[in-house]
Amino acid sequence: MSSASIVEDRGLRAWWSRSQRKVLPYVFISPFYILFIVFSVGPLIYALYLSLHRWPGSGPMRHVGLGNYTYLAGDPVFLKSLWNTVYYAIGAFLFILPLALLLALLINSTLIRIKSLFRIGFFLPILTSTVAATLIFLMIFNNQFGLINQGLTLLGIPPVKWLDEELVKISVLAVATWRYTGINVLYFLTGLQSIPPDLYEAAQVDGAGAWAQFRYVTIPQLRPIALFVGVVTMIGSFQFFAEPLILANGGPNDASLTIANYLYRMGFTNAKLGYGASIGWVLALIIFGLSFIQLYLFGAFRKED
Amino acid sequence: MDSTLTVRAQRTIAYGFLFFILISMATPFVWMISNTFKEQYEIFQLRPTLIPEEPHLRNYVRLFAEFDFQKHFLNSAFIAVVHTASHLFLASLAGFAFAKYSFPLKDFLFLVLLGSMMVPLYTIFIPLFVLVIRLGLVDSYAGVILPGVAGAFGIFFMKQSMEAVPGELLDSARIDGASEFRIYWQIALPLVRPALAVLAVLAFMTSWNDFVWPLVVLRSRELQTLPVVMAGMQGMYRMEHGVVMAASLLSTLPILLLFLALQKQFLAGLTVGAVKS
Amino acid sequence: MNTARRICIMLLLVSMLTVAGSAAAQDEVTLTIWTFGAFFTDLYKGIEADYKEIAPHVTIEVEEIPYVQLYDNLQGAFVAGVGAPDIVDVEQGVISRFLKGEPGLVPLNDMIAPYEDDYIMAKTALYAHQGAIYGIDHCLCPVVLYYQHDIFADVGIEMPIATWDEFIEASAALTEQGIAALVLDDRSWGDYYMLLLQSGSPGFFDAEGNVIVDSPGNIAVLEWYLGLLESGVAISTGDFYATMGLMAEGKIAAAIGADWYAGTLKNELADGAGLWRAAPLPAFEEGGSRTSTHGGTAYSITTQSEHPEEAWAFIEFAMFNEDNKILEYHVNNLLPPVLSHLDNEALLAPDPYFGDQKVGELFLELAPEVPFQERGPWFNEATVLVGNAVFEATQGEKTAEQALQDAADELRRQIDFG
């Protein structure tokens, strides 16, 4: 790059306008990186240091090398929480996201006129405080006297133990679906409405039917937002914390416990700061790895412009 | 062939499905509203009532009289407004940079940004808390707002939306001599209004509902936010269900209003035609 | 006795006044207290003004922090080395994590020593480790049997019943009518633990800190517990509000619970006023213990406090001044763990909710029987594992013996790991 030739070609003003394009992007993104280094990287490094020790938060630290990590690999409760978390993540991708996409497509379609009613209606659950929502769902799911079981009894079906080992994860997923579908509808709607109408017009001119428009305009154009939704959902699933805790306290018998719940139990409740930090690091690595794969598959790293 | 389905039939099916989901989702919420008008014993009757038997407003009265609802409401509102405004600015600016410029280390920096979203709060919780204490930010709104204000989530979201802004528009502005900040502010930003509106709702909601962090950072009762106070109603030995639900209901109102105010923006869409005019 | 006590307290107050007076030149002291509920905040607000008269240079600052976060805050402050309050209300369920490493709490042995004969020392066991006592409980929390008088009377059962065997035998009449005599939790450790302590076990650990979760005695109590559930004498409902609903409908006749459980019943089952009574727990054998203990919250002083003496003086005022403890009882239903307070007429008054029964007399009678227990730094780990064991055993996934053995093995493994 020769700035001299640019000056010759376009003058000083043009030179600055080219140069500021090199400098300003860094200025634009710098607030994030400054805050990130101070408030995340620092603590993260300290957590890594902690994860190589056993320490109850006071007194001398005992260095154990990778001892916490090897213990983790054979810790049955951790493995159980890992499986539960994967279960929730798969559930989110199998139920929440397809449902959200379907709802968004319907709301966005010309078939539906009262769009705002549905947008607001689907969005309401996530506005509800977790405490209040969970109280309501406890009354809905109670093994013996919950609303669902009372309904089943009326139909002559014996009550189902929604919060027992076999079904508790499904019940938690149901609450998550209730709570998080609406927000994903909103994401997809944003994506759908960002598609320039002239793309559809052009497709119509080319004689494309509804399906062809969906296949060749909507789906490719939705890709950025779908990637975003996918990554956010995956990260959210692996950091899933509140609902299993409040609905079933991670139980019974740890059947609904997530990794984040277990991390909290170890790092806080049991004051195993080092072990908790190692769980945190494994969790972060899992999330990082899965996100990277997702981004790679979607081609997020290809050059823009 | 699908054409055997008339538009009318399609519409009926679509509405039927949407209403089915809507009713399923609204039921717990409606029940919650109904419970705000009930005494505790009625809430826990084995045969629950949807219409309160003896409706009253005592839960709401207690909320204001005993729990200082208005003060905590304003605290939450202040934090949420400051957070939302700063977050929208910082996230859209960075999102614009990532979407519309090529610069060395961009991919790496973006990967770092994505990586930051993946850091679970509980992994860094204790170190972060210790840091905030050491920086003297404890018990201040700065301590609440600062760590999360330039969140990667918003930047990622804005980048994805900014991708759709046509590069030619920006280039023609450059030819007209507009500065890069002006291009961001006057051309790119208006084009992504729908995404900004969505992000505003999300940012406001995140801040408004945030529980763990304000609780740890803020200690003085006068500074406490709504979710913290609501969790406090969940006592060890007794929970005031009616009051908790009333508080929950009232606390949804600001986000709901914001949502209603901004939802026209969601619809605005990104149209090149609108830009040209 | 009561008058003598009052004179003692007057003397104490006078001496405190003198100390305060002589220390007039002393700097102002602000004592920060962290607590988790209005029922403690109201106590502190209620005695604040009185204390200002005794110790004018001391200002009490109460910070009410939700239970779910208070102890994470405390832990953060300990790790950071700054930010902890002077006094903290430590709920018994969370103390064990603060006993690991070098506790950030001050041993209170010397301070409680003068009260050894009056204070129910069994309660200090909840907050003790290796001989050091880190907390002084607000509460006696004695466990009794709360029962619906009319349900038992209808089938001709007379209360109190001396032993569990007799209770089980008599309950058959209720079982036949589809009424459960008792409610017991099938998925956590709390009810099992109450009964375990009543049976004479020190709980999950022995005096040396060895795990005794799988001791023959503990296994026997769990087997017996399973028997109650299997025979239908006891039922489990899965959640608190279902229990309350079934009690209101007369499908559950009784529950075991501590003093504060009376407050729960009054709040949740206001319509049951006059129907409920309290009785000593039936004993495991003739002449055996008739009570247990459940719950509690202790005053602790943190090592970060710059004014531990002033902090203890305030705790002493709140804890051993009879008027203050009676005030506290009115605020939160917690009975004082102090023998000389338990005969206060306010506690012995007839209680209309319990059909004018003098429930206080029952608590006074049972107070000396409140059982001792062993806890220490691994108690929380133990409760999670035993809770799971109770669940596995009640679901028939494992026998009581197998479930407790597995829990004990895992607990030992976790303790070895450190």
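Note that the structure is a prediction, hence the values are computed from the model and not measured. Throughout, a chain's letter reflects where its sequence line sits, starting with A, and its residues are numbered from 1.
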* Asked: Can you tell me how far the CD1 atom of I29(A) sits from the NZ atom of K159(B), to the nearest 0.5 Å?
  -> 12.0 Å
* Asked: Above 12 or not: heavy atoms from other molecules or residues under 6.0 Å from CH2 of W185(B)?
  -> no
* **Largest heavy-atom contact set with chain B, pairs under 4.5 Å, which of L285(A), V231(A), L103(A), I107(A)** => L103(A)
* L24(A) backbone acceptor or donor facing Y101(B) side chain under 3.5 Å -> no
* Test log, rule side-chain contact (heavy atoms from CB on, under 4.5 Å), inputs L18(B) and L117(A) -> CA-CA 10 Å; L18(B) 284 173; L117(A) 171 72; over 6 Å; no
* Asked: Using non-hydrogen atoms only, which part of F17(B) is less than 4.5 Å away from chain A: side chain, backbone, both, or neither?
  -> side chain
* Structure fact -> Okay, M25(B) and chain A: the region with an atom under 4.5 Å from a heavy atom over there is both
* Asked: How are the rings of F259(B) and F123(A) set to each other: parallel, tilted or perpendicular (split at 30° and 60°)?
  -> parallel
* Going from OG1 on T123(B) to OH on Y46(A), what distance comes out if it is rounded to the nearest 0.5 angstrom? -> 15.0 Å
* Asked: Looking only at heavy atoms, what is the nearest atom pair of F39(A) and V132(B), with distance?
  -> CE2-CG2, 4.4 Å
* Heavy atoms only: give me the nearest P127(B)-A47(A) pair and the separation to one decimal. => CG-N, 4.3 Å
* Asked: In terms of heavy-atom pairs under 4.5 Å, which option from I259(A), I126(A), L290(A), V41(A) contacts chain B the most?
  -> I126(A)
* **Side-chain heavy-atom pair L127(A), L256(B) within 4.5 angstrom cut-off** => yes
* Do the rings of Y15(B) and F118(A) sit parallel, tilted or perpendicular, given the 30° and 60° boundaries? -> tilted
* To do: Hey, could you give me the OG1/CG distance between T128(A) and N209(B), rounded to the nearest 0.5 Å?
  => 9.0 Å
* **Part of S30(A) lying under 4.5 Å from any heavy atom of chain B** => neither
* Quick one: which of T12(B), I13(B), V7(B) gives a side chain to side chain contact (heavy atoms under 4.5 Å, CB included) with L111(A)? -> V7(B)
* Work out which heavy atom in W178(A) is nearest to a heavy atom in P28(B); give both atom names and the distance. => NE1-CG, 3.6 Å
* **Options G148(B), S179(B), P104(B), ranked by heavy-atom pairs under 4.5 Å with chain A, top entry** => P104(B)
* **chain A contact via L226(B) - which portion, at a heavy-atom distance below 4.5 Å** => neither
* Asked: Is any side-chain heavy atom of F98(B) less than 4.5 Å from a side-chain heavy atom of F28(A)?
  -> no
* Gap between atom OG1 of T27(B) and atom CD1 of I136(A) - 0.5 Å precision -> 10.5 Å
* To do: Could you look at F125(B) and say if it's the side chain, the backbone, both or neither that has a heavy atom under 4.5 Å from chain A?
  => side chain
* Asked: chain B heavy atoms under 4.5 Å from L35(A): which part of the residue, side chain, backbone, both or neither?
  -> side chain
* Structure fact -> Ranking L263(A), I120(A), L283(A) by heavy-atom pairs under 4.5 Å to chain B gives rank one to I120(A)
* R179(A) portion near chain B, given a 4.5 angstrom heavy-atom threshold -> neither
* Asked: Do Y33(A) and L113(B) come close enough that some side-chain heavy atom pair is under 4.5 Å?
  -> yes
* Sort F19(B) into side chain, backbone, both or neither according to what part of it lies under 4.5 angstrom from a heavy atom of chain A. => both
* Structure fact -> So, the part of L109(B) with a heavy atom under 4.5 Å from chain A: the answer is both
* Please look at I155(B) and chain A and tell me whether the side chain, the backbone, both or neither of the residue comes under 4.5 angstrom of a heavy atom of that chain. => side chain
* What pair of heavy atoms forms the shortest contact from P25(A) to F103(B), and how long is it? -> CB-CD2, 3.4 Å
* To do: Please flag which part of S116(B) lies under 4.5 Å from any non-hydrogen atom of chain A: side chain, backbone, both or neither.
  => both
* Specify which of I225(A), I279(A), V232(A) makes the most heavy-atom pairs with chain B at under 4.5 Å. => V232(A)
* chain A contact via L260(B) - which portion, at a heavy-atom distance below 4.5 Å -> side chain
* **side-chain contact (heavy atoms from CB on, under 4.5 Å) assessment of E163(B) paired with R223(A)** => CA-CA 11 Å; E163(B) 304 272 11; R223(A) 210 172 69 161; over 6 Å; no
* Structure fact -> Okay, L273(A) and chain B: the region with an atom under 4.5 Å from a heavy atom over there is side chain
* Asked: Given the side-chain rings of F157(B) and Y187(A), with only the six-membered ring counted for Trp, is the space between their centroids under 6.0 Å?
  -> yes
* Asked: Atom CZ of F36(A) and atom CE of M117(B): how far apart are they, to the nearest 0.5 Å?
  -> 12.0 Å
* **Under 4.5 Å from a heavy atom of chain A, the part of L131(B) involved** => side chain
* Asked: Can you tell me how far CG of L114(B) sits from CG of L295(A), rounded to the nearest 0.5 angstrom?
  -> 5.0 Å
* Do I21(B) and L99(A) have side chains that get closer than 4.5 Å, going by heavy atoms? -> yes
* **Student check: side-chain heavy atoms of F153(B) and I235(A) closer than 4.5 Å** => no
* Greatest number of heavy atom pairs closer than 4.5 Å to chain B - which of S116(A), A260(A), A277(A) -> S116(A)
* L189(A) side chain near V198(B) side chain, heavy-atom distance below 4.5 Å -> no
* Asked: What part of A152(B) lies closer than 4.5 angstrom to a heavy atom of chain A: side chain, backbone, both or neither?
  -> both
* Options Y264(A), W281(A), Y26(A), ranked by heavy-atom pairs under 4.5 Å with chain B, top entry -> Y26(A)
* To do: Could you tell me which portion of L170(B) (side chain, backbone, both or neither) has an atom closer than 4.5 angstrom to a non-hydrogen atom of chain A?
  => neither
